[in-house]
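A quick write-up on the structure given underneath.
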Amino acid sequence: MQIEHIRLFHLVASIGSISKAARESHISQPALSQQIQRLEQELGFQLLTRNNKGVELTGAGHIVAKYAERFDGLYDNLMEDLQDFEHSLVSIRIIASPVVGIYGLPCTMFQVKSDFPNVAFTLTTRSSREVEAAILQGEGDVGFIIGRPHEDELIAKEVYSDKVYLVAAKGSSVPDKVTLDMLQEYPLVVQGQKSSLHNQLEEYLLRIGRSFGQYNVLFSLDSAESVKSSVLQNHGLAFLPYLSIKKELYSKQLRQISLQGFDMSYEVYIVYKKKTDAADTVYRIATYFSEIGPETFC
């Protein structure tokens with residue numbers, strides 16, 4: 001089985017079209033189709049079915065696509081490590097929860113890079129549970145997650161604590177102070193249930209005797225950024241981490257709504273494998289991140 005067949009199948013599965021995948025990979029459509037057919041012959045399963053809109057994954061195709069994504073990522077990691085080796089660099093792969101990776105880590109990584117110039121960093125984002133799995137499977141070296149890890153095989157250190165605010169658009173008619181009962185009168189925009197922050201918020205509401213079911217949830221979106229965009233359009237209110245909205249609060253595009261009886265914070269943890277040696281670069285980098293994180297998060 002050739003890695004190129006796996007990579008091309010992953011591209012087709014992601015795009016949903018052989019012709020578009022062929023153009024993106026700069027090969028002819030018949031050549032791409034032939035390579036997919038060879039992969040199907042090697043595995044003994046049909047992976048794709050064709051229709052007017054493009055291609056769809058079969059049941060076996062969904063299974064192979066899941067592993068193909070991992071193979072593709074590991075192959076990219078391999079090539080990065082080889083390039084770094086050629087240039088005498090140590091490669092550290094960081095995988096972070098989106099809120100942390102997008103809003104918190106860039107400034108911290110700049111500081112760490114200044115003090116570890118021979119380390120090459122890459123940063124990708126996934127949900128917290130996916131981060132844990134990726135670190136255990138060797139797809140990354142250091143992870144940043146929301147809340148304590150579920151996996152006992154990981155070392156976890158708290159590096160940051162952040163507040164969750166209820167916010168509204170600048171021109172919203174919502175008063176500056178509301179009660180939990182008053183909040184039922186206004187539409188809410190929330191992150192989807194795959195979000196770690198959504199789950200923590202749900203748990204917090206239950207602890208104070210409330211639930212999302214009591215409120216007017218307009219819709220669920222897949223990221224803090226999309227929720228924030230919706231609030232900026234004055235579609236509703238939202239609970240968002242301070243990390244993701246401090247620029248908009250400062251510029252007065254958003255305003256904080258004081259919610260009586262609500263005082264929620266969440267913790268960011270750095271995670272890495274237990275077998276990491278104290279003299280290892282990963283251990284030293286992880287320790288340094290945990291030391292400077294609170295002061296350097298953007």
**Report entry** Between Ser195 and Asn199, a side-chain donor and acceptor under 3.5 Å
**Finding:** no
Query - Check: Phe289 ring centroid to Phe144 ring centroid under 6.0 Å - result: yes
Query - Gln214 CD: over 12 foreign heavy atoms closer than 6.0 Å - result: yes
**Report entry** Side-chain touch Ser223/Pro98, heavy atoms, less than 4.5 angstrom
**Finding:** no
Report task. State, with a plain yes or no, whether a side-chain heavy atom of Leu166 is found less than 4.5 Å away from one of Tyr186. Result -> no
Requested in this report: Please examine the side chains of Gln184 and Arg210, heavy atoms only from C-beta on, and report whether any two atoms are closer than 4.5 Å.
Outcome: yes
Query - Verdict with reasoning, Lys273 to Glu153, per side chain to side chain contact (heavy atoms under 4.5 Å, CB included) - result: CA-CA 7 Å; Lys273 284 185 178 180; Glu153 295 87 350; over 6 Å; no
**Report entry** Within-4.5 Å side-chain heavy-atom neighbours: Val99 and Leu197
**Finding:** yes
Query raised in the report: Side chain of Ser114, backbone of Phe110: donor and acceptor closer than 3.5 Å?
Result: yes
Requested in this report: Classify the side-chain pair Asn51/Glu56 by whether it contains a donor and acceptor separated by less than 3.5 Å.
Outcome: yes
Query raised in the report: For the residue pair Phe262 and Phe239, does the interplanar ring angle fall in the parallel (under 30°), tilted (30 to 60°) or perpendicular (over 60°) class?
Result: tilted
Report task. Establish whether Val159 and Val100 are linked, either directly or via other cluster members, by ILVMFWY side-chain heavy-atom contacts under 4.5 Å. Result -> yes
Query - Short side-chain to backbone donor-acceptor contact, Glu132 and Arg129, under 3.5 Å - result: no
Query raised in the report: Hey, any chance Leu105 and Val282 share a hydrophobic cluster, counting ILVMFWY side chains that come within less than 4.5 Å of each other, even indirectly?
Result: yes
**Report entry** Asp263 and Lys163 ion-paired at < 4.0 Å
**Finding:** yes
Query raised in the report: When you measure from the centre of the six-membered ring of Tyr67, is the NZ or CZ of Arg70 under 6.0 Å away and within 45° of the axis?
Result: yes
Report task. Spell out, as yes or no, whether a donor-acceptor pair under 3.5 Å connects the side chain of Arg255 to the backbone of Ser172. Result -> yes
Query raised in the report: Within a radius of less than 6.0 Å around NZ of Lys20, do more than 12 heavy atoms belonging to other residues, nucleotides or ligands occur?
Result: no
